[in-house]
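Numbering of ligands and ligand atoms starts at 1, following listing order. Atoms considered below: every heavy atom in the structure, side chains included; atoms not considered: hydrogens, waters and symmetry mates. All values derive from a computational prediction rather than experimental measurement.
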Amino acid sequence: MSKCAACGRDAPEKKKYCRHHEQALGRLQEHYSVWVRAYGSGDNISWQDYLRRLSDMTQEQQAGEWVKEVIRAEMKKEKESV
Ligand SMILES: [Zn+2]
């Protein structure tokens, strides 16, 4: 049994996140691809740049807790792998 990287709950086998965080990540990735297209033309925004900007934004906005937790987990993962 896997554990969710964001909340430590049981996650489906071979999945990084539980059902809720998986869903939140899916929404983030969709939004990210929209962003990349919108900001496109040469100004490449990496997944980590996007997460950083988003986490600044979510400080002020009422983003869902699931989304915030996924952002934190994704940013933490990057720090650990550097
Ligand atoms: Zn979770």
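The distance from the CZ atom of R19 to the SG atom of C4 is 11.5 Å, given to the nearest 0.5 Å.
Within H21, the N/O/S atom positioned nearest the Zn ion (ligand 1) carries the name ND1.
Dense packing is recorded around NZ of K16, with more than 12 heavy atoms of other residues, nucleotides or ligands lying under 6.0 Å away.
To the nearest 10 degrees, the angle centred on the Zn ion (ligand 1) between SG in C7 and SG in C4 reads 100°.
Here C18 reaches the Zn ion (ligand 1): one of its N/O/S atoms is less than 2.8 Å from the metal.
Contact of the R27 side chain with the W66 side chain is not registered, since no non-hydrogen atoms from C-beta on lie closer than 4.5 Å.
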Apply ring-ring contact (aromatic ring centres under 6.0 Å, His included) to residues W47 and Y50 and explain how you reach the verdict.
CA-CA 5 Å; W47 177 236; Y50 169 73; 5.6 Å; yes
